Each structure stands twice: as structure tokens, then as C-alpha cells.
Amino acid sequence: MPYYFSKVLPLLLLPISLSLLAALLTFVFILKGKRALALASLLASILILWVSALPAVAGRLMWSLERQYLPVATADIPAADCIVVLGGALGFVMSPRVNVELTAAVDRVCQTAELYRAGKARTIIVAAGNQPWMQDLVPEANLIKELLEKWGVPGQSILLDTTSVNTRGNAMNAVALMREANCQSNLLVTSAWHMPRAVASFKILGVTVFPVSVDVRFVQGDSNSLAGFIPRADALAATSQAILEWMGIWVYRWKGWN
């Protein structure tokens, strides 16, 4: 049960939740005849949603995470013993889907296959278990393995962690597999915005990894132009993702996990 709370409670602090809460307070204040407070909460509701949906805001929040470990060209990535790729890249086969879906983070799998084909490592470790409420589905690690095999990686070169449910678990299980495979040097592949917490999770376990950032969300473009101040739904999603990741970093620091 505590795990479910750790996943649900942060959602209450996201812009959409705060905006709805402010809107609810507006209704309460109207019923109580407190017009000034009702107006203030209504304006807060609108402002929270509007600011959070600005590409300029989303871009800066994402950049605060992604700038810590910038992408590196494959040719400039050093050779290592193992490549560790973290999950969150695929959508499960759930009605009405009939096939596995590729999400925005599938870059993690693409880059891993590219690194292997470039001879950057001999072993791949896939750390990708399912959330507790999805345990009846095929583990994501198995699905990623199938995709890697389609892209030219031999199955015997892939080791799987199918039980981890968060970044901490990814790191702990991957480190155990590293030791089994005698991996002394390791490349870590995950989304750029997720890389700071991921690297720190391995570091606290005494393992240094070379970060290979992919799935970059912040790019030079309309976030720095007039269009950056026009609200967009994808910007609201990016703002929410960045806020969730920063909350994750702070919680991990509090727990001593990074």
C-alpha cells in the first residue's frame, strides 16, 4: 500500500490537480459568500494552468534536468562491458491494442541496439519490471528484449531484470546482474530528464556509469520565441513530467537513495 501512495500522492501536486483544487475552492467561497476569496482562487486556478502550459516554462523546467547529462554521439561513447537500459519505453498490449506500442521513450531501446551494433559492449542489461497493478502482463523487460532481437541483438547477450518497479529497484537489480556478468564498466541508457536520478541511484550503490542520454524533450525552438508563451497541451504534459521528476529526486535524497 505505501508504494501506491508514493505513486498517487505526487499527482496531487501537479498543475492540473492544483488548478482543479483552486477551482473547487472558488465554488466553496461562492457558497460562503466570500467573493474576494472566490475571485482570488479562480484567478489562481487559471494562472496555474496557463503558466504550466507555456512551452517557455516547460522548456526551462526540462532543461534544468536535461542539461546535467547532455547527449553524446555514438562515436564518442567509450566501449564498456555492459549497457544498462531502463524501462518505460513501451506501451503494453491492452484492449483495444493488439500490439506493443512504442512510446516517446523508445529512444532508449533504439540507442541500446545502436550501441551494441557499434561494438560498444558485449552484454545488455534490461531493467524494466511492471508496476504492481500490471503484474498479470508480460514484463516490459521481456518486451524490450524482443524488440532488441528484432533490431539485431542476439538474445544470449541480453540479461533481464523483470521485477524492479522504480529507479532504485532498477539500479539494485542491474548492479546484481552486472556482478554476475563481471561487468566492470557500464553504459547507462535512459531519458535525459531521468538521467540525474538514475546516475545517482547507481552511484549510491558504488557503481559508476557512463550516461547515454536519449529522449531529449528540450530543444532550441519555439520555447524561446513568441510561440513559447502560447499555452499548449504538450507543454503542460512536459511541465508535469519535470515536476514529477524533481519530486522524485528530492524524495530519493530524503531517503538516502542518491
Side-chain angles (χ1 to χ4, degrees), residues 65-66 68-90 105-131 138-216 245 248-249 252-253 255-258:
L65 292 163
E66 295 183 336
Q68 299 180 48
Y69 295 100
L70 296 176
V72 179
T74 299
D76 298 327
I77 295 172
D81 296 324
C82 281
I83 303 168
V84 181
V85 57
L86 305 188
L90 302 179
V106 77
D107 294 359
R108 304 180 187 187
V109 187
C110 295
Q111 181 66 36
T112 298
E114 182 178 334
L115 290 170
Y116 185 89
R117 293 194 300 266
K120 296 298 182 178
R122 56 180 169 78
T123 301
I124 293 174
I125 296 173
V126 182
N130 293 356
Q131 298 300 325
V138 176
E140 187 187 5
N142 295 77
L143 301 177
I144 291 176
K145 179 183 178 182
E146 291 179 8
L147 192 55
L148 286 170
E149 290 177 317
K150 289 180 181 178
W151 290 345
V153 180
Q156 62 268 26
S157 297
I158 306 172
L159 303 178
L160 302 182
D161 154 36
T162 62
T163 61
S164 58
V165 297
N166 55 25
T167 305
R168 167 74 168 177
N170 291 159
M172 294 178 67
N173 292 353
V175 167
L177 291 172
M178 287 176 192
R179 290 168 180 159
E180 288 181 19
N182 193 29
C183 295
Q184 302 301 315
S185 56
N186 304 277
L187 307 178
L188 176 62
V189 182
T190 190
S191 299
W193 52 266
H194 182 234
M195 189 62 79
R197 183 157 56 111
V199 168
S201 295
F202 280 88
K203 187 175 181 180
I204 198 71
L205 298 175
V207 175
T208 300
V209 295
F210 184 92
V212 181
S213 296
V214 295
D215 182 29
V216 176
E245 188 58 28
I249 290 172
Y252 272 42
R253 288 176 181 171
K255 290 187 174 183
W257 289 355
N258 61 23

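Basis for what follows: all heavy atoms, side chains included, without hydrogens, waters or symmetry-related copies. Since this is a predicted model, take the numbers as computed values, not measurements.
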Query raised in the report: How many angstroms lie between atom CG of L177 and atom SG of C82, to the nearest 0.5 angstrom?
Result: 8.5 Å
**Report entry** I144 CD1 to L86 CG distance, which is reported to the nearest 0.5 Å
**Finding:** 9.0 Å
Query raised in the report: Do side-chain atoms of E140 reach the backbone of L90 as a donor and acceptor pair under 3.5 angstrom?
Result: yes
Query raised in the report: Of all heavy-atom pairs between A113 and V153, which one has the smallest distance, and what is that distance?
Result: CA-CG2, 4.2 Å
Report task. Please report the closest heavy-atom contact between N130 and P139, naming both atoms and the distance. Result -> OD1-CA, 3.3 Å
Query raised in the report: Can you tell me how far CD1 of I158 sits from OH of Y116, rounded to the nearest 0.5 angstrom?
Result: 8.0 Å
Query - N/O donor-acceptor pair under 3.5 Å between R108 side chain and V214 backbone - result: no
Query raised in the report: When rounded to the nearest 0.5 angstrom, what distance separates CD1 in I77 from CG in L115?
Result: 5.0 Å
Report task. Measure the shortest side-chain to side-chain distance between P196 and Y69 over non-hydrogen atoms and say whether it is less than 4.5 angstrom. Result -> yes
Query raised in the report: Judged by modelled atom types alone, do T163 and N173 share a side-chain donor-acceptor pair under 3.5 Å?
Result: yes
Report summary line: Rounded to the nearest 0.5 Å, the CG atom of L147 sits from the SG atom of C110 at a distance of 7.0 Å
Report summary line: What one should report as the nearest heavy-atom pair of S191 and A105 is OG-CB, 4.0 Å
Query raised in the report: Given the rule in the side-chain contact (heavy atoms from CB on, under 4.5 Å) test, do I124 and T112 qualify, once you have shown the distances and angles that lead to the verdict?
Result: CA-CA 8 Å; I124 293 174; T112 298; 3.6 Å; yes
Requested in this report: Provide the closest heavy-atom pair for T167 versus S201 in the form atom of the first, atom of the second, distance.
Outcome: CG2-OG, 3.7 Å
Query - N186 vs F202 side-chain heavy atoms within contact, under 4.5 Å - result: no
Query raised in the report: Are I249 and L65 close enough that some pair of their side-chain heavy atoms sits under 4.5 Å apart?
Result: yes
Query raised in the report: Side chain of R197, backbone of N258: donor and acceptor closer than 3.5 Å?
Result: no
Query raised in the report: Can you name the closest pair of heavy atoms from I83 and A121 and give their distance?
Result: CG1-CB, 3.4 Å
Query raised in the report: Between atom NZ of K145 and atom CG of L159, what is the distance when rounded to the nearest 0.5 Å?
Result: 9.0 Å
Query raised in the report: Does the side chain of N170 come within less than 4.5 Å of S164's, by heavy atoms?
Result: yes
Query - Side-chain H-bond candidate by donor/acceptor type, Q111 with S213, under 3.5 Å - result: no
Query - Minimum-distance pair of heavy atoms, taken over all atoms of N182 and R122 - result: O-NH2, 3.5 Å
Requested in this report: Verify, without hydrogens or angle tests, whether D81 (side chain) and S185 (backbone) share a donor-acceptor contact under 3.5 angstrom.
Outcome: yes
